[in-house]
Amino acid sequence: QVQLVESGGGLVQAGGSLRLSCVASGRTFSRYGMGWFRQAPGKEREFVATISWSGTNTYYADSAKGRFTISGDNAKNTVYLQMNSLKPEDTAAYFCAATSASNGASTILAYTYWGQGTQVTVSS
């Protein structure tokens with residue numbers, strides 16, 4: 001079992017930045033691929049970014065490319081999502097998740113463990 005706890009969300013103006021953190025506990029963390037997803041009110045949960053357990057491979061949704069950066073620190077059992085140039089359409093609850101696919105994954109069904117989410121609100 002893996003427990004995931006996100007933090008770092010909040011209210012920010014358009015153009016601003018936030019860094020989300022996700023701390024994992026429980027089973028060995030370092031062999032899991034990790035991902036960030038988001039869900040806006042009335043919309044389906046969508047993929048944002050993923051990172052391999054080694055940290056060498058990353059992949060982003062088109063909406064995140066060039067603005068968001070996913071990174072990990074296995075020594076701290078933590079994965080981060082640095083979000084820059086935020087837009088109002090980035091407003092959503094952001095969730096981190098762990099997958100047994102060590103290279104990471106972009107599909108919801110690939111993920112076994114999920115955090116409870118942290119809210120990001122971007123004002124115009």
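Treat the numbers as computed from the prediction; the structure is a model and nothing was measured. Positions are given from 1, in the same order as the sequence printed here.
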Just by distance, with hydrogens left out, do [X] and [Y] show a side-chain donor and acceptor under 3.5 Å apart?
{"X": "Y111", "Y": "T50", "answer": "yes"}
{"X": "S52", "Y": "N103", "answer": "no"}
{"X": "Y94", "Y": "R38", "answer": "yes"}

What do you reckon, is CD of E46 surrounded by more than 12 foreign heavy atoms closer than 6.0 Å?
yes
Counting distance only, does the side-chain N/O of [X] pair as donor-acceptor with the main-chain N or O of [Y] below 3.5 Å?
{"X": "E6", "Y": "C96", "value": "yes"}
{"X": "T91", "Y": "V122", "value": "yes"}
{"X": "T121", "Y": "L11", "value": "no"}
{"X": "S63", "Y": "A61", "value": "no"}

Partners passing salt bridge (Lys or Arg N to Asp or Glu O under 4.0 Å) against K65 (at least two apart in sequence or in another chain)
D62
Check the pair N84, S17 against side chain to side chain donor-acceptor pair (under 3.5 Å), reporting the backbone distance first and the verdict last.
CA-CA 4 Å; N84 299 328; S17 298; 2.9 Å; yes
Decide yes or no for W53 and Y32: does some side-chain heavy atom of the first lie under 4.5 Å from some side-chain heavy atom of the second?
no
Please work out which of the three classes, parallel, tilted or perpendicular, describes the rings of F47 and F37, given edges at 30° and 60°.
perpendicular
